[in-house]
Structures are given as C-alpha cells and as structure tokens.
Amino acid sequence: MFDPQHAFVDPLLAWYERNGRHDLPWREPERTPFELLLAEILLQRTTAEAVAGAYRPFAARYPTPETVAVATTDEIRTHVAPLGLVKRAAYLRRCASEILARHSGDVPREYPELVNLHGVGEYTARSVLIHVTGLGIAAVDTNVKRLLSRFFDVNPDRNRIAVLADALTPSTRSADFQHAMLDFAAEVCTAGSPACSSCPLRGSCESSEEQFTPR
DNA sequence: AAAGCGGGGCG
DNA sequence: CGCCCAGCTTT
C-alpha cells in the first residue's frame, strides 16, 4: 500500500523546483487576474512555448477588459492568428464584454460565474481560481490526464482524473502543484515518447516496465 | 455524442 | 506525412 504523497506529490514538487518552467511570463506574480485569464484562453490546445513567444506584446496591448472590448475582432485576430484557433479572437472580445457587463470589469472569483464566460470552460475556470484565489483544487488538461492515468494506471476518464487530481493537490500549494504536473508532463511524461528511463517517478509509476526490476 | 477549429513543432 | 498542443463552442 503506497502513499501517493510520498510516491508522487513530494518528488513531483521537488522536480518542479529544480526543473520547472519558472520563466513563463503569465506566471509572473504581478500578473492581474485578467492578464492570467488572457493567457489561459491563449493556452487552450496551444503549446506553452508558442504562447510564451506572443504573450508579452499581447498582454501589453490588452491589459484590461475595456481594451479588449473596444478593439475590433479583426485586430485581435491578427494577434491570435499565429497561435491558431482564431475563433478565440471573438471569444476573447465577447468574454471581455461579459466581464464588463456582468462583473463591473473585474474577473469573477466564483466558479459558476467564471464558467459562464464565453470561451471559459471547466479547465480555464479552475485554473483562474487556483491562481487568483489560491483555492486548493486541480485543473485537468491533456497533460494532467496523461500523467495521472499513466502513473496511477487508471482509466483516463475525465471525471475520475479530476477527483484524483483534486485529492492529490496540496491545499496550500495548488498553483505550484498544478505547474508541476503541467511542466513534468510536457517535459518528461510526454505524449509521444516519454522519458521513462530517466524519470524520477519511475520507481512508483504503474505504467513503468521497470518497476519490478530487482536490485 | 461528435464535429470543428488551426498554426507550428517534432519525429 | 501524422500526431500533438494549459479546450471550448456548436451542432
């Protein structure tokens, strides 16, 4: 009977402190909730590397809901186009308008109101809560789903993974833990050919072929 | 429940 | 060339 805290959470956080992507611009602590929400929408089905290259000018051009709402969709589209999923330009504009109309220009701090914003689904709403309010929950994206389903050898059912991820999350370090899962899955437990042979969680991973290797 | 969106990176 | 990426809206 193994302890997931000792086998997974602690070593993952240790890996993250040394190897995490601590330079991603939207992780800067002075980022506003709206700047964070912008990043989350740009990151949907888009590599962090790609967003990292476009984020600073984007956030500087659209620092508030007002600046997005008064911009034309075409102008926003020129910024989103290099990232793909260009419909997000319209999502962003409508989302900003909704924040102005419903929430006086402030990003809401409650899940039901967040998830009702255009372009904001369960993942994005949870991520905003984690970063803005420090709520001790997890947000399940493609990385978290892959990492947890492999390590714990469970069916990658979204709801199952969500329950597991929430249970694993350290209540006072949810943002660090979220970043740790994302970075680890993107750099070690990758989709195509994971680096199992050099994985620091190898010994406890239920998907590892070497877990029973003697000596 | 399934389709559609999308450019860019990588093997 | 095919697969994948901090998902979500629409049908």
Side-chain angles (χ1 to χ4, degrees), chain A residues 12 16 19-28 31 33-59 68 73-74 76-99 107-108 111-132 135 137-150 156-159 161-162 164-166 168-169 174-196:
Chain A
L12 186 67
Y16 170 68
N19 306 290
R21 298 178 289 187
H22 302 289
D23 55 342
L24 294 174
W26 53 90
R27 289 184 183 174
E28 293 163 359
R31 289 293 175 189
F34 185 73
E35 289 175 330
L36 177 70
L37 178 58
L38 284 182
E40 296 295 350
I41 292 176
L42 294 180
L43 284 162
Q44 291 167 4
R45 296 295 290 182
T46 309
T47 58
E49 290 74 14
V51 178
Y55 181 73
R56 288 188 191 282
F58 193 94
V68 176
T73 303
D74 278 347
I76 303 170
R77 184 178 293 118
T78 65
H79 293 82
V80 177
L83 303 175
L85 295 178
V86 179
K87 278 192 164 187
R88 291 181 293 181
Y91 292 175
L92 279 168
R93 191 163 180 279
R94 182 167 157 188
C95 180
S97 298
E98 290 169 350
I99 292 173
V107 175
Y111 181 84
E113 299 174 341
L114 278 167
V115 81
N116 278 337
L117 295 172
H118 200 64
V120 176
E122 181 172 355
Y123 172 83
T124 303
R126 281 172 166 264
S127 187
V128 169
L129 288 175
I130 290 165
H131 290 92
V132 174
L135 190 62
I137 60 173
V140 178
D141 77 320
T142 181
N143 288 295
V144 173
K145 189 163 80 171
R146 181 178 65 249
L147 173 61
L148 296 187
S149 64
R150 281 177 178 169
D157 171 76
R158 218 176 168 297
N159 288 323
I161 298 294
L164 176 58
D166 280 345
L168 291 167
T169 300
S174 58
D176 281 345
F177 185 64
Q178 184 71 30
H179 298 161
M181 289 195 291
L182 294 176
D183 293 359
F184 187 83
E187 299 189 2
V188 180
C189 196
T190 58
S193 43
C196 297

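All chains are named by letter (A, B, ...) in the order of the sequence lines, taking the proteins before the strands, and each is independently numbered beginning at 1. All values derive from a computational prediction rather than experimental measurement.
- For A:Gln178 and C:dA6, the CD to P distance is 12 Å, given to the nearest whole Å.
- A:Glu122 comes within 4.0 angstrom of the backbone, heavy atoms only, and of no base.
- In this structure, A:Val120 reaches the sugar-phosphate backbone alone: every heavy-atom distance under 4.0 Å involves primed, P, OP1 or OP2 atoms, never a base.
- Nucleic acid contact class of A:Arg158 (heavy atoms, under 4.0 Å, all strands): none.
- Nucleotides C:dT11 and B:dG6 are separated by 14 Å at their P atoms, to the nearest Å.
- Nucleotide C:dA6 holds its P atom 13 Å from the CG atom of A:Leu147, rounded to whole Å.
- Per the geometry, CG belonging to A:Asn116 stands 14 Å off C1' belonging to C:dT9, to the nearest Å.
- Looking only at atom types and distance, the side chain of A:Gln178 has no donor-acceptor partner in the side chain of A:Ser127 under 3.5 Å away.
- Contacts of A:Arg146 with the nucleic acid, taken as non-hydrogen atoms under 4.0 Å apart, involve only primed sugar atoms and P, OP1 or OP2.
- Separating the CG atom of A:Leu38 from the C1' atom of C:dC8 is a distance of 16 Å, rounded to the nearest angstrom.
- Using modelled atom types, no side-chain atom of A:Thr190 and backbone atom of A:Glu187 make a donor-acceptor pair closer than 3.5 Å.
- Without hydrogens or angle criteria, A:Arg158 side chain to A:Val140 main chain gives a donor-acceptor distance under 3.5 Å.
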Check: Which parts of nucleotides 5-11 of chain B does protein reach within less than 4.0 Å, heavy atoms only, written one letter per nucleotide 5' to 3' as B for base, S for sugar-phosphate only and - for none?
Finding: BBSS---

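- Two residues are said to be in side-chain contact when any heavy atoms from C-beta on lie closer than 4.5 Å; A:Leu147 and A:Asn143 fail this criterion.
- Of the candidate nucleotides C:dC8, C:dC4, C:dT10, C:dC4 has the atom nearest to the side chain of A:Ala191.
- Between the OH atom of A:Tyr91 and the P atom of B:dG4 there is a distance of 14 Å, given to the nearest Å.
- Here the options are A:Ile99, A:Leu114, A:Leu92, the test is side-chain contact (heavy atoms from CB on, under 4.5 Å), and the partner is A:Leu37; only A:Ile99 passes.
- Counting all heavy atoms, side chain and backbone alike, A:Leu117 lies closest to A:Glu98 at CA-OE1, 3.3 Å.
- B:dA3 and C:dA6 have their P atoms separated by 24 Å, with the value rounded to a whole Å.
- A:Arg93 has its CZ atom 22 Å from the P atom of C:dC8, to the nearest Å.
- Ranked by how close their nearest DNA chain C nucleotide is to the 5' end, A:Glu40 and A:Gly119 are led by A:Glu40.
- Taking atom C1' on both nucleotides, C:dC8 is separated from B:dG9 by 23 Å, rounded to a whole Å.
- Rounding to whole angstrom units, CZ of residue A:Arg21 and C1' of C:dC5 are separated by 11 Å.
- Looking at A:Arg126, its side chain has no donor and acceptor atom pair within 3.5 Å of the base of C:dA6.
- Residue-level contact check: A:Thr190 touches neither bases nor backbone, having no heavy atom under 4.0 Å from any strand.
- Contact between A:Leu36 and A:Tyr55 at its shortest, heavy atoms only, is N-OH, 4.2 Å.
- The distance between atom CG of A:Leu42 and atom C1' of C:dC5, rounded to the nearest whole Å, is 14 Å.
- Looking at A:Arg88, its side chain does come within 3.5 Å of a backbone N or O of A:Leu85 through a donor-acceptor pair.
- Within 4.0 Å (heavy atoms only), A:Leu36 reaches no atom of the nucleic acid at all.
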